[in-house]
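Here is the structure we will look at, set down as C-alpha cells.
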Amino acid sequence: TPALPQVMLVESLRAWRAVRPLVRKDWAIGPGIKLLREAPQIGAWARQHGHELSVWTVNSEADLEFCLDQGVAAITTDRPAWLREQLGLQ
C-alpha cells in the first residue's frame with residue numbers, strides 16, 4: 001500500500017489560525033482557492049516551512065494561473081479533463 005500524504009484542509013483564516021500549530025512537518029496544507037486568494041500568506045508560510053500546497057476547488061483559468069504562480073503541488077477540480085488540457089497532460 002503506498003503511503004499517501006496527509007493534507008490539512010483549511011476553509012477559513014480563522015480555522016487556519018487554530019490549526020497551524022497542529023500541522024506536522026510531513027503534512028501538506030490544503031486551503032480552498034478562495035482562502036488562498038484572500039490570504040496568500042498561507043502559501044508563503046507553507047513554502048517557508050517546507051510544506052506542499054494542495055488547493056481545492058480550482059475551476060477557472062485565472063485560479064489555475066494563480067495556483068501555478070503560488071507553486072501549488074496538487075489541485076482539486078470539478079473539471080479534470082479541462083485541467084489536464086490546460087496543463088498539457090492529455
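Every heavy atom of this structure was used, including side-chain atoms; hydrogens, water molecules and symmetry mates were not. Only a predicted model underlies this, so the values are computations on that prediction, with no experimental measurement involved.
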Nearest 0.5 Å, what's the [atom1]-[atom2] distance between [X] and [Y]?
| X | Y | atom1 | atom2 | result |
| --- | --- | --- | --- | --- |
| I33 | T76 | CD1 | OG1 | 11.0 Å |
| D63 | I75 | CG | CD1 | 9.5 Å |
| C67 | L53 | SG | CG | 8.5 Å |
| Q86 | R79 | CD | CZ | 7.5 Å |
| M8 | S54 | CE | OG | 13.0 Å |

**Request:** Return yes when atom CD of Q41 has more than 12 non-hydrogen atoms of other residues, nucleotides or ligands closer than 6.0 Å, and no otherwise.
**Result:**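 Buried by this count: over 12 neighbours within 6.0 Å.
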
Any side-chain heavy-atom pair of [X] and [Y] under 4.5 Å:
| X | Y | result |
| --- | --- | --- |
| I42 | R20 | no |
| E52 | R47 | no |
| F66 | V58 | no |
| Q6 | R24 | no |
| L35 | W56 | no |

Hydrophobic cluster membership, [X] vs [Y], 4.5 Å side-chain cutoff:
| X | Y | answer |
| --- | --- | --- |
| L22 | V10 | no |
| W27 | L9 | no |
| V23 | V7 | no |

**Message:** Here's a test for you: under side chain to side chain contact (heavy atoms under 4.5 Å, CB included), which of L36, L64, I29 qualifies with V72?
**Reply:**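 So the option named by the test is L36.
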
**Prompt:** When you measure from the side chain of T77 to the backbone N and O of P80, does any donor-acceptor pair fall under 3.5 Å?
**Reply:**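 No; zero donor-acceptor contacts below 3.5 Å.
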
**Prompt:** Do the rings of W45 and H51 sit parallel, tilted or perpendicular, given the 30° and 60° boundaries?
**Reply:**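 Parallel: the ring planes of W45 and H51 meet at under 30°.
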
**Request:** Start with the C-alpha distance between T57 and D78, add both sets of side-chain angles, then the distance that settles side-chain hydrogen bond (donor to acceptor under 3.5 Å, both in side chains), and finish with yes or no.
**Result:** CA-CA 7 Å; T57 302; D78 295 323; 5.1 Å; no

